[in-house]
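In what follows, a structure is listed as structure tokens, so that the remarks can point back to it.
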Amino acid sequence: MANSLGTLNPNGRLYKHASGTDTDAAVRRFRNRFNLATDADAAGGTTNGLFVGTLQTGQVLTGAEIASSVSLAAVNFTLGTIANPTLYGAAQAGPAANAVVRLTLTIAAYAMDAATAPQDLYLFPSANLPATGQIVAAFQASHR
């Protein structure tokens with residue numbers, strides 16, 4: 001199984017960007033876009049993980065959301081890492097067409113201490129994605 005890095009992070013990592021602790025940002029927002037018709041690893045008909053971004057050392061996850069131009073209501077998404085796909089969010093339905101769904105984080109995710117090492121966060125779909133449309137995924141993190 002391949003995972004899609006999306007189009008807003010072609011290098012696959014956000015390490016080159018300043019962390020919130022370097023710029024004193026209370027909350028940082030990361031987002032990524034996936035074109036289901038043209039992105040090879042996110043193309044319709046796959047259940048590949050969608051790379052949202054990297055939670056940096058010292059940050060805690062405070063929220064996540066999915067927006068889509070096509071209905072994903074029949075697809076459940078989990079939020080986590082490659083090693084633990086449900087680390088931050090259990091399966092929950094995707095958005096309707098042209099809508100946004102704010103994901104509910106698990107209680108354990110809210111109670112977690114700050115990350116001790118960078119963690120690549122992915123959305124994992126439960127079913128094949130449609131062959132057209134766009135998905136925009138985002139998460140917010142805080143170092144406080």
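Please read these numbers as outputs of a predicted model, since none were measured by experiment.
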Spacing of [X] atom [atom1] and [Y] atom [atom2] [to the nearest 0.5 Å]:
X	Y	atom1	atom2	result
Asp39	Asn48	CG	CG	11.0 Å
Leu72	Leu129	CG	CG	6.5 Å
Leu36	Asn128	CG	CG	11.5 Å
Arg28	Phe139	CZ	CZ	9.5 Å
Thr104	Ile107	OG1	CD1	9.5 Å
Leu121	Phe30	CG	CZ	9.5 Å

If we only count heavy atoms from C-beta on, is the [X] to [Y] side-chain gap below 4.5 Å?
X	Y	value
Tyr122	Val52	no
Pro95	Ile66	yes
Ile82	Asp120	no
Leu50	Ile135	yes
Leu55	Tyr88	yes
Phe124	Thr86	no

Atom of [X], atom of [Y] and distance for their closest heavy-atom approach:
X	Y	answer
Gly49	Pro125	CA-CD, 4.5 Å
Val136	Arg31	CG1-NH1, 4.2 Å
Ala90	Thr106	N-CG2, 3.8 Å
Pro118	Thr57	CD-OG1, 3.3 Å
Gln134	Ser69	N-OG, 2.8 Å
Pro130	Ser71	CG-O, 4.3 Å

Would Gln140 and Glu65 count as a side-chain contact (heavy atoms from CB on, under 4.5 Å) here? Give the steps. CA-CA 9 Å; Gln140 299 81 38; Glu65 59 193 23; 4.3 Å; yes
Is the side chain of Asn76 donor-acceptor paired with the backbone N or O of Ala91 at a distance under 3.5 Å, no angle test? no
Okay, side chain of Ser68, backbone of Ala97: is any donor-acceptor separation there less than 3.5 Å? no
Please step through side-chain contact (heavy atoms from CB on, under 4.5 Å) for the pair Leu123 and Leu103, ending with a clear verdict. CA-CA 11 Å; Leu123 285 169; Leu103 299 174; 3.7 Å; yes
Output, in order, the C-alpha distance, side-chain angles, deciding distance and verdict of side-chain contact (heavy atoms from CB on, under 4.5 Å) for Gln92 and Arg102. CA-CA 10 Å; Gln92 45 205 299; Arg102 183 141 175 98; over 6 Å; no
Using the rule that Ile, Leu, Val, Met, Phe, Trp and Tyr join whenever any side-chain heavy atoms are under 4.5 Å apart, tell me whether Leu61 and Val100 fall into a single cluster. no
With clusters defined by side-chain heavy atoms of hydrophobic residues (ILVMFWY) lying less than 4.5 Å apart, directly or transitively, does Leu79 cluster with Met112? yes
For Asp113, is the CG atom crowded, meaning more than 12 foreign heavy atoms sit under 6.0 Å from it? no
